[in-house]
Amino acid sequence: DAKTTQPPSMDCAEGRAANLPCNHSTISGNEYVYWYRQIHSQGPQYIIHGLKNNETNEMASLIITEDRKSSTLILPHATLRDTAVYYCIVRSGGSYIPTFGRGTSLIVHP
Amino acid sequence: GAGVSQSPRYKVAKRGQDVALRCDPISGHVSLFWYQQALGQGPEFLTYFQNEAQLDKSGLPSDRFFAERPEGSVSTLKIQRTQQEDSAVYLCASSLAGLGQGFVEQYFGPGTRLTVT
């Protein structure tokens, strides 16, 4: 699976959009981009995934660049409850073992 | 609609003791995963079950670690002769589909925090 690079930490004001970047320059054609988050003392929670098209669900939007070497997870109106570690994972569709890395610690402040 | 549950939530063991960690997956979920998460790190894969079959145990760090899922539902992760380096959070996750069915989101439990003294 391709390696990902994320900033170790970010902060965001409550009510503003949080844009979390992820670099995956070695991604191959059959690899998806997945995002999970882990709130303190809880297990990771699936957020969204995509292959090459931008995706949106009730939690977030995922923007993947045309060359697929990077992506951005967007939380459009961050709340205090969005404070968590966000993991960007790249893996092929047939691979069931995600490699989490250290993720980005997002702090949403009032 | 209960989620994945794990017990105990916290476990303190003296070095050399055996421990057993339990995972109750979501009812009907075919796949079950165990992960180990050290402080400040992301979860790392330990082992995978499809129903009662343990199809992958490549992540188990040593032969002191043993996992089972005898009836294809509840799973137990056992660690024998615990060492200090075994201190971590142990996460269980389940998913509806089995292998070869494409990506299906994994639902994680809250984890068991193991501290070996």
Item to check | Exceeds 12 heavy-atom contacts within 6.0 angstrom, atom CD of B:Glu71 | outcome: no
If one checks every heavy atom of B:Gln37 against chain A at 4.5 Å, the contacting part turns out to be side chain
request  = Say whether B:Phe45 and A:Tyr34 are linked into one hydrophobic cluster, either directly or through other cluster members, by side-chain heavy-atom distances under 4.5 angstrom.
outcome  = yes
Looking only at B:Gly42, B:Cys92, B:Pro43, the option with the highest number of non-hydrogen pairs under 4.5 Å against chain A is B:Pro43
task = Please check if atom CG in B:Leu39 has more than 12 non-hydrogen atoms from other residues, nucleotides or ligands closer than 6.0 Å.
result = no
Under a 4.5 Å heavy-atom criterion, the part of residues 21-35 of chain B in contact with chain A comprises B:Phe33, B:Tyr35
Rounding to 0.5 Å, atoms CD (B:Gln106) and OH (A:Tyr46) come to a distance of 12.0 Å
*Among the clusters formed by ILVMFWY side chains lying less than 4.5 Å apart, do B:Phe65 and B:Phe49 turn up in the same one?*
yes
If one checks every heavy atom of B:Arg113 against chain A at 4.5 Å, the contacting part turns out to be neither
Rounded to the nearest 0.5 angstrom, the CG-CD distance for B:Leu91 and A:Gln38 is 6.0 Å
If you count the non-hydrogen atoms of other residues, nucleotides and ligands that lie under 6.0 Å from CZ in B:Arg64, is the total more than 12? yes
Rounded to the nearest 0.5 Å, the OH atom of B:Tyr107 sits from the CD atom of A:Gln45 at a distance of 10.0 Å
Inset, instruction - Return yes when atom CD of A:Glu55 has more than 12 non-hydrogen atoms of other residues, nucleotides or ligands closer than 6.0 Å, and no otherwise. - result: yes
Heavy atoms of other groups near B:Arg9 CZ, more than 12 under 6.0 Å
yes
**Q.** Linked, directly or transitively: A:Leu51 and A:Ile89 (ILVMFWY side chains, under 4.5 Å)
**A.** yes
Is it the case that atom NE2 in A:His77 sees more than 12 heavy atoms from other parts of the structure closer than 6.0 Å?
no
